[in-house]
Every structure is written in structure tokens, then in C-alpha cells.
Amino acid sequence: MSASSDLRGKTILLPVIDTHFRILGEGTLDIKTPAQSALTVEADAILIFLFEGEPALPEPVSALDTALNGAIRELLELGDFSGKSGQSQVILTRGALPAKRLILVGMGKRDKYTPDSLRRAAGTGVRKSHEVKAAQIGVVFYEYIEGISTTEAAHLIVEGALLGRYEYRGQKSGEAPAGTGLPNNLQFLTENPAFEAELQAGTNIGLAFAAGAIMARDLVNLPPNICTPAYLAQHAREMAESAGLRCDVLEEQQMRALKMGAVLAVSQGSDTPPRFIVLEHNAQLGADADTLVLVGKGVTFDTGGYSLKPADGMVGMKADMAGAAAVIGAMGTIAALKIPLHVVGVVPAVDNMISGHAYRPQEVITASNGKTIEIISTDAEGRLILADALVYARRFNPAAVVDIATLTGACVVALGKAAAGLFSIEEGLRDVLLKAADQTAERLWPMPVYADYEKLIESDTADMKNSSGARFAGASVGAVFLRNFVDYPAWAHIDMAGMMQDLDGISYVPAKGASGYGARLLAEFARQWAQASAQSR
Ligand code: BES
Ligand code: ZN
Ligand code: ZN
């Protein structure tokens, strides 16, 4: 009996978006329900997600076990496979099923379930499939755990699979390695037609989240001679076009007209001109609508300027635009999800360089709200470009503004690669962000914004200094500096310096290179904010 002749019912092919939110056509990622069963599908690998320490197999898995003469149960009994998170076990079917292999993947303990249990299982499964050169992948779908909807489960699996499969090709010459990019084919396997609509909806949500994070990774991974401020702007423009966002890009002259003295001071040492990128979702709703503004630090390379970084500290600084990448990626996701809010992404993009034109310590500059800043360190440039961006955000009359930046080494010292720092005194906003962080597993840890720190940046000659010049509370000092440019009901600052790249131990995040941190977090934040404001209406 061939699988295809057994295909009853309909096959739903989804339009698939690429990482620029362009429609790729149909069928790269397809869901076949209701007739496609794990027993009949001709896949290279069938992924089976199982909780740890549960010998009783769920129904569709037990049918596969029977077909294989009890091979799954025996592996569990012998202890070869326990279901621990990160564990996988290949079983060759050797003709017992049309599919070539089963891959058991651990989800960890049921009582420890979080959204990452499924996301990581999908990441692990897809990586293992790639290792054994399986291109056509099926995922046995069943009700994994009570309280998680089919839509949510499908979303998490698709997201984890796409992010786990990510590879950055870079500029290596010669042929591209085979099979990079999106998984060739992934389908959910179920015989229950009731799952159909939700699997489809969840797949689209998972695609939207993954595409935003993948876009962020690509932008961060690009070298600084390619990913310049102009490149970021052009990329944002093209993405906006396909995602249906409004995009305005300010050039140097317009920034001068707006008196953005802080962005311009940082940028003036570089031969590469700055850009100020504004992306708008639901622009037609205007300033009266519930509005969120997301601001991302876009330093495409940070040499430190005249407060020059040591050679070792400079490597890695192509990622100093990871906040910008997170905002641009999130805006794509927000557009794809059609979040019912007015959301604006603001990205000041500059290079921090040295030349005869570069700004120097002890200069006093004026930001676009008229406040003056004495430069102590030209390496504290992120807060300067964010200052003008935070002022610019005011014009949208936002209910809340969130900025995200690779702002301080001090935050890396405090939290390592375990979490980004969250700085906000608005409890409501903080709670929504923390909830979003739980959902996307992009950790945030609350840090203080005490007024005490303001003393540390009092200047003798200007309204403030851009650095205390000492090492105490460096991350919080950055936050209180930014507060001078904030004028709306709620504001939060995220210092993601530790999270931009080289995160270890997550199956769907590369151990080397960009993490994509922040893109999913900010999109989920907007989603939750929209939900909360719908409920309060
Ligand atoms: N881009 C850096 C912060 C950074 C450091 C990000 C390490 C990722 C990894 C930022 O512009 C910077 O240099 N900050 C200074 C601030 C100081 C001069 C007040 C720092 O952290 O030393
Ligand atoms: Zn710097
Ligand atoms: Zn920087």
C-alpha cells in the first residue's frame, strides 16, 4: 500500500513567508490533514515528542509502536531513551512503515512544562533530522498536555523547528552547503480532522515569530562593512514593503533639521552616513490609537571612538545593532500577526568611529529635547543615539515605549548570558514584558532605576554626563541617563548586551553567532499588550 494512494481528504498547502516576510509560494511547509497519518506517510523521518519518565504511550504513538513490534516501548524500558529535554533517538523502520525512520525526542518532565518544552523538542528533532539527512519531516501531533491549545502547540513546534534549522551562510566562497535555510518540508501528522484549522492557524503564528527572529539573526550576523546604517534602512524598507508597514527613513539633513545633536555627534566620525529608521504598523490608526513605540540601538560597529576599545573588546561589536535588529524583526512579526494596535519601530543607525571629524571626550552636545550632555566617554554612544530616538518617540503620543539595546558591559557582568536587564518603574508595563519573556523564553531580569544613580552623572558644565566615569552600577546609570529623554506614561529599557550572540545550550538558538534575542519578545509583548487593552475596554 503506497502512502500517496491512501491520501484521502484534503491537503492544505500554506503560503510560506521567507525571512523578509515575502510569500514564497506554497508547500515549503505544509500541513496535511486529516488523512495523512503517521502510519502511511512517506517521510524521511517522523518526529515523536514524549515526556520524560512516562511509559504509557499516547494513542498515535502506540499505533506506531505496534507497527514496529514494540520497539519504542522497549527503548523506554531499557532506558536508552528517557524523554529528557534535549535527548533524541533514531529508530529505523526497515520497511515496517512507509516512513524511513522515527525520531523520539524528549520534552522533559510533564510537571516542568513550559512553552520551551515544545519549542526545544522541535529544535532538537529538526537538528537530528538534518544530521541524518532527512528532508521530509513529519511531526506526530497529539494533545501533548492539558491546557495548551492545538494552535499554541503548532505555533511552538513550527517556531522551534524553523529557528533550530537556522544556519548563517555568510560570505564563504564556493557552493552553498546543501540543505541550508528553511526545512525542506515539515508536516503535522494526525488522523483527527478536528485539529485541522488550529494547526493551520498555529503554523502561521509560528512562521511569523520565526521569520522575525531569523531576520534579526541575519542582520546581526552580517559583517559591519555590509550591514551599514544605509543597509539597515534599505532592508527595513524592503521588509516594510512586503509586510505592509509604513517606512520613513531620515537622512543626515533631516536629522539636523530635527536638532538630533546626539545621534549626529556619534555618527560624525564615520564616513558612513547615519540613518534614522521609522517603521509603522497600522499607521492609519494615527496618534489617537493605543500606540506602542519600540526603539532599538543600531550601532552597526562600535570601535568605542576616541575612548577606544581594546582590540579584544572590539571583536563582537558588529552585533552592537542587535537591538535594532530585534525591533525590525519584531515589526515584521507584528505586521504578519496583524496585531490590533498602532506600533512604531524607531531605529537610530550609526557607526561609532575615529577620524578628524569624530566627537571627543569633554565635548558638550545638545540632544533634540534641548538637554545638554557632557561627553565623558565616546564609548557610551548607545545612550546618546537612544536619547534622540526616545525624544522622537514622543510625537506618536505613545501609551508605552520600550527600548532595547546592547548598552553596557556592566549588564553582562551582572547577568551574564542568562538574561537581559529590565529597567522600568512602571509596574504594569514591567508585568506585561515579564509575561512576554516567560512565553518566548527570552529572559528578562528586573534591575533598579533608583534616583540615587542620577548623582553619578551630574556634570559641572552641562545638564548631565554620558558616563559616570566609574564602574559602579554601570547598567543602571545607563537607564537613569535615558530617563532624561522620556516623556510619556510608561517606559522600559532592556539592556540585552549579554544576549546578542553566542548563547549556549538551547536547541533552537545557535551556540555561535547571533541569537535573534528580542524579536520574538517584543512581538509577544505587543500581542499581550493588545490582549490586555482589549480586555480593559
Ligand atoms: N556596545 C557597548 C556595550 C557592550 C559591551 C555590548 C560588551 C556588548 C558586549 C557600549 O556601547 C559600551 O561600550 N558601553 C560602555 C559604557 C561605559 C563607557 C559607560 C561599557 O559598557 O563599557
Ligand atoms: Zn560603546
Ligand atoms: Zn555600543
Side-chain angles (χ1 to χ4, degrees), residues 220-221 224 227 229 232 262-263 265-267 269-270 274 295-326 347-354 358-363 373-389 403-421 423 447 453-454 456-459 464-482 484 493-503 513-515 517-518:
V220 172
N221 280 327
C227 187
L232 265 187
V263 186
V266 177
S267 163
S270 176
V295 178
K297 170 179 173 182
V299 175
T300 53
F301 196 76
D302 184 10
T303 66
Y306 276 103
S307 311
L308 192 63
K309 286 186 182 296
D312 284 351
M314 213 182 287
V315 176
M317 284 304 127
K318 71 170 183 180
D320 209 18
M321 35 57 72
V347 170
V350 301
D351 234 2
N352 190 21
M353 298 287 284
I354 289 180
Y359 79 138
R360 295 154 298 186
Q362 294 205 298
E363 289 192 6
I373 305 161
E374 180 192 1
I375 304 303
I376 298 299
S377 170
T378 60
D379 198 12
E381 84 297 341
R383 63 198 68 186
L384 297 175
I385 68 166
L386 290 177
D388 280 331
D403 77 70
I404 184 162
T406 48
L407 207 72
T408 67
C411 199
V412 190
V413 172
L415 300 172
K417 290 179 174 296
F423 303 77
M447 300 279 279
Y453 301 130
E454 286 162 8
L456 299 174
I457 49 169
E458 277 175 8
S459 164
M464 72 198 87
K465 304 191 284 193
N466 80 329
S467 158
S468 71
R471 292 170 58 194
F472 304 130
S476 289
V477 167
V480 298
F481 174 90
L482 293 174
N484 286 291
H493 159 61
I494 297 171
D495 192 337
M496 60 161 292
M499 308 303 284
M500 61 193 195
Q501 57 195 357
D502 304 340
L503 300 186
S515 63
Y517 180 94

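Counting starts at 1 for both ligands and their atoms, following the listed order. Values below: all heavy atoms of this structure, side chains included; hydrogens, waters and symmetry mates excluded.
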| request: List the steps and the verdict of side chain to side chain contact (heavy atoms under 4.5 Å, CB included) for L308 and M314. | output: CA-CA 9 Å; L308 192 63; M314 213 182 287; 3.7 Å; yes
| task | Just let me know how K297 lines up against ligand 1, side chain, backbone, both or neither, with a heavy-atom cut-off below 4.0 Å. | result | side chain
| message | I need the minimum non-hydrogen distance between L503 and K417, along with the two atoms involved. | response | CD2-CB, 3.9 Å
| task | Mark up the atoms of ligand 1 that fall under 4.0 Å of a heavy atom belonging to M317, in ascending order. | result | 1 (N), 4 (C), 5 (C), 6 (C), 7 (C), 8 (C), 9 (C)
| field | Contacting atoms of ligand 1, where contact means under 4.0 angstrom from a heavy atom of S377 | value | 18 (C)
| task | Go through ligand 1 atom by atom and flag the ones less than 4.0 Å from a non-hydrogen atom of G409. | result | 3 (C), 5 (C), 20 (C), 21 (O)
| request: Mind listing the closest non-hydrogen atom pair of A389 and P348 along with its distance? | output: CB-CG, 3.8 Å
| Distance-only side-chain donor-acceptor flag, T303 / N352, under 3.5 Å | no
| query | Nearest protein heavy atom to atom 6 (C) of ligand 1, by residue and atom, and its distance? | reply | A497 CB, 3.6 Å
| query | Heavy atoms, side chains only, cut-off 4.5 Å: are K318 and M500 in contact? | reply | no
| Protein contact to atom 15 (C) of ligand 1 [nearest heavy atom, distance to 0.1 Å] | D379 O, 3.9 Å
| query | What are the atoms of ligand 1, with element, lying closer than 4.0 Å to any heavy atom of E381? | reply | 11 (O)
| message | When you compare the side chain of M447 with that of L415, does any pair of heavy atoms fall below 4.5 Å? | response | yes
| query | In terms of atom number and element, which parts of ligand 1 are under 4.0 angstrom from non-hydrogen atoms of K309? | reply | 2 (C), 12 (C), 13 (O)
| query | Ion pair present between D379 and K309, side-chain N to carboxylate O less than 4.0 angstrom? | reply | yes
| note | atom 2 (C) of ligand 1: closest protein heavy atom, distance to 0.1 Å, is D302 OD2, 3.6 Å
| task | Run through the protein N/O/S atoms less than 2.8 Å from the Zn ion (ligand 3) and write them out by chain and number. | result | K297 NZ, D302 OD2, D320 OD2, E381 OE2
| note | Note: A405 and L386 closest approach over all heavy atoms is CB-CD1, 3.7 Å
| Side-chain heavy atoms of V299 within contact of V350, under 4.5 Å | yes
| task | For S467, take its heavy atoms, then give the atoms of ligand 1 lying under 4.0 Å from any of them. | result | 19 (C)
| query | So, K297 and D320, do they make that salt bridge, N to O below 4.0 Å? | reply | yes
| query | Measuring from the heavy atoms of R383, does anything fall under 4.0 Å of ligand 1? | reply | yes
| Do the side chains of T300 and P224 get nearer than 4.5 Å, heavy atoms only? | no
| request: Kindly give the heavy-atom pair with the smallest separation between I354 and A358, and that separation in Å. | output: CA-CB, 4.0 Å
| query | Looking only at protein heavy atoms, which one is nearest to atom 14 (N) of ligand 1, and how far off is it? | reply | L407 O, 3.3 Å
| request: Using a strict 4.0 Å cut-off to heavy atoms of T406, name the atoms of ligand 1 that fall inside it. | output: 1 (N), 2 (C), 3 (C), 6 (C)
| atom 22 (O) of ligand 1 protein-contacted, heavy-atom criterion under 4.0 angstrom | no
| remark: Looking only at heavy atoms, the pair that brings A349 and L232 closest together is CB-CD1, 4.1 Å
